[in-house]
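Atoms within a ligand are numbered from 1 in the order they appear, just like the ligands themselves. The model shown is predicted, which means the values in this text are computed figures rather than measured ones.
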Amino acid sequence: MIQGSCCCGAVKFELNTVPDMMGTCHCSRCRKLGSSTILFVKKESFNLLQGKEFIQTYKPEPPFSYVRTFCKKCGTALGEIGSESASFPIPVNCLDDDPVLRNQFHVFVSSKPAWYEIEDAAPQYQENPN
Ligand SMILES: [Zn+2]
Ligand SMILES: [Zn+2]
């Protein structure tokens, strides 16, 4: 069981299995939303333990279709917690335990700020490889 929570502890969740993937997006949106390094978790392995009422959803204007959630008490970025998708991203920052995985890729490296040095050997893509 891998535990996760927001900074103030209002939102708590656990993962029943090791997440599918860990990757880092260097685009300005992910950077500003505090979710640059994310894990992709399967919906069935994600279990919200408490704090549903504190999860605030942010939906940007079209054409952007991503959704981001955060704790409305403390502001901790929670990725797409509560998504109906089969697999969704959560920021690795909000985990309390080691997710076992290590970063597997870097995307949107062309948007990476100069102050961030890539220190791992994971493949780098200038944009999104898909
Ligand atoms: Zn919180
Ligand atoms: Zn991004």
Next on the checklist: Below 2.8 Å, can you find an N, O or S atom of C7 next to the Zn ion (ligand 1)?
Outcome noted: no
Checklist entry - Going by distance alone, is a donor N or O of one side chain under 3.5 Å from an acceptor N or O of the other, for T24 and T37? => result yes
Next on the checklist: Are F105 and D120 packed together at the side-chain level, in the sense that at least one heavy-atom pair is separated by less than 4.5 angstrom?
Outcome noted: no
Checklist entry - Does any pair with a residue in residues 82-93 pass side chain to side chain donor-acceptor pair (under 3.5 Å), and if so which ones, sequence neighbours excluded? => result S83-S85
Next on the checklist: Can you check the angle at the Zn ion (ligand 1) formed by SG of C71 and SG of C6? Round it to the nearest 10°.
Outcome noted: 110°
Item to check | Between F70 and Y58, ring centroids under 6.0 Å | outcome: no
Item to check | Angle in degrees, rounded to 10°, that SG of C30 and SG of C25 form at the Zn ion (ligand 2) | outcome: 120°
